[in-house]
A.B. asks: 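Below are the structure tokens for one structure; questions will follow.
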Amino acid sequence: MDFITAMLGYAAFFIGIIAFQSNKHKHIVLLKALTDVCFGIQYILLGAYTGAATDLTGCVRNLIFAKEFKRKSTQNIVTALFVVIMIIIGIVTWDGYLSLLAIAGKLCTTVSFSIKNTKYLRLFTIPSGFMWIIYNAVSGSAGGVLYEGMVIISIIIAAFRYDRKGKKAELTAE
């Protein structure tokens, strides 16, 4: 079981790092959906149910964001709906103050993934990474700690590749 748990964390790690090296919103959220599934299953195996519930819900959120991205009016409603859902999940799966980190981290990514401009999507994802590093460390997910640290580094690299060099950030869902 420990081997499976570790492999899920490391699979999520590699997929997630690749995600932020894209400059297309749709690619980022679809790869992050796969990352959320891997971590969601890992959290179930670790008994970290707030992390599991928020990640598995985050997967659904990302699939919807990838599909509904072109509809601005729908996007705002979907974002608000997932903010409410994440708060409800936090209440239902409450396991002490550690749950706040998982909830706050998913709230950050819910808002950031709703932003069309990939420069700001990456920027507003960084606070989530710090929250998840702590959550993962306490929950026993070494792959998660490594992943979140590398995501922050990956975002910084992508910022230099796309944002700092003046390359236009994608404003489409492609």
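Position 1 is the first residue of the sequence, and the numbers go up from there. Note that these values count all heavy atoms, side chains included, but never hydrogens, waters or copies made by symmetry. A quick note: this is a predicted structure, and the numbers were derived from the prediction, not measured.
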A.B. asks: Output the distance between atom CZ (Phe39) and atom CG (Leu8), rounded to the nearest 0.5 Å.
C.D. replies: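 Going from the CZ atom of Phe39 to the CG atom of Leu8 covers 9.5 Å.
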A.B. asks: Which pairs pass salt bridge (Lys or Arg N to Asp or Glu O under 4.0 Å) with one or both residues in residues 128-146, sequence neighbours excluded?
C.D. replies: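 Listed by first then second residue: nothing to list.
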A.B. asks: Drop me the distance from Asn62's CG to Thr57's OG1, to the nearest 0.5 angstrom.
C.D. replies: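 It comes to 11.0 Å.
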A.B. asks: With a 4.5 Å limit on heavy-atom distance, are the side chains of Ile28 and Arg122 in contact?
C.D. replies: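 Yes - at least one pair of side-chain heavy atoms lies under 4.5 Å apart.
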A.B. asks: In chain order, what residues pass the side chain to side chain contact (heavy atoms under 4.5 Å, CB included) check against Leu101, with sequence neighbours excluded?
C.D. replies: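 Once residues adjacent in sequence are excluded, the partners of Leu101 under the side chain to side chain contact (heavy atoms under 4.5 Å, CB included) criterion are Leu98, Met131, Ile134, Tyr135.
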A.B. asks: Would you tabulate the side-chain donor-acceptor contacts of residues 85-95 under 3.5 Å, counting partners in other chains and residues two or more places apart, or write 'none'?
C.D. replies:
from, atom 1, to, atom 2, distance (Å)
Thr93, OG1, Thr50, OG1, 2.9
Thr93, OG1, Ile89, O, 2.7

A.B. asks: Looking at side-chain heavy atoms only, is the closest gap between Val151 and Trp132 below 4.5 Å?
C.D. replies: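 Side chain of Val151 against side chain of Trp132, heavy atoms only: no contact under 4.5 Å found.
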A.B. asks: Show every side-chain hydrogen bond (donor to acceptor under 3.5 Å, both in side chains) that has at least one partner inside residues 28-48, sequence neighbours left out.
C.D. replies: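 As it turns out, the side-chain hydrogen bond (donor to acceptor under 3.5 Å, both in side chains) pairs with a partner in residues 28-48, which skip direct neighbours, are Lys32-Tyr147, Asp36-Lys106, Gln42-Ser141, Tyr43-Asn136.
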A.B. asks: State the CG-SG distance between Asp55 and Cys38, to the nearest 0.5 angstrom.
C.D. replies: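 Between atom CG of Asp55 and atom SG of Cys38 there are 10.0 Å.
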A.B. asks: Using every non-hydrogen atom in the two residues, find where Thr125 and Leu121 come nearest and quote the distance to one decimal.
C.D. replies: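 That closest heavy-atom pairing would be OG1-O, 2.6 Å.
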A.B. asks: Please examine the side chains of Thr79 and Thr110, heavy atoms only from C-beta on, and report whether any two atoms are closer than 4.5 Å.
C.D. replies: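 They are in contact (side-chain heavy atoms under 4.5 Å apart), so the answer is yes.
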A.B. asks: How many angstroms lie between atom CD1 of Ile41 and atom CG of Leu46, to the nearest 0.5 angstrom?
C.D. replies: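 It is 12.0 Å, given to the nearest 0.5 Å.
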A.B. asks: Would you check if Leu123 and Ile115 make a side-chain contact, meaning some heavy-atom pair closer than 4.5 Å?
C.D. replies: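 The answer is no, as the side chains (C-beta and beyond) never meet within the 4.5 Å cut-off.
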A.B. asks: In terms of the angle between their ring planes, are Phe20 and Phe113 parallel, tilted or perpendicular, with boundaries placed at 30° and 60°?
C.D. replies: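 Rings of Phe20 and Phe113: tilted, 30 to 60°.
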A.B. asks: Who clusters with Leu34? Use side-chain heavy atoms, under 4.5 angstrom, across I, L, V, M, F, W and Y, and order the result by chain and number.
C.D. replies: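 Via sub-4.5 Å side-chain contacts, Leu34 links to Ile15, Ile18, Leu31.
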A.B. asks: Less than 4.5 Å apart, any side-chain heavy atom of Leu146 and any of Phe13?
C.D. replies: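 Yes - at least one pair of side-chain heavy atoms lies under 4.5 Å apart.
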A.B. asks: Nearest 0.5 Å, what's the NZ-CD1 distance between Lys119 and Ile155?
C.D. replies: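 Answer for the NZ-CD1 pair, Lys119 versus Ile155, is 14.0 Å.
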A.B. asks: What residue pairs, at least two apart or across chains, pass side-chain hydrogen bond (donor to acceptor under 3.5 Å, both in side chains) with a residue in residues 148-158?
C.D. replies: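 Checked against side-chain hydrogen bond (donor to acceptor under 3.5 Å, both in side chains) - neighbours excluded - the pairs reaching residues 148-158 are Gln21-Ser154.
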A.B. asks: Checking side-chain contact (heavy atoms from CB on, under 4.5 Å) for the pair Val111/Leu107: CA distance, chi angles, key distance, verdict?
C.D. replies: CA-CA 6 Å; Val111 172; Leu107 290 174; 5.8 Å; no
A.B. asks: Once you round to the nearest 0.5 Å, how far does CD1 of Ile133 lie from OG of Ser128?
C.D. replies: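 Separation between the atoms: 10.0 Å.
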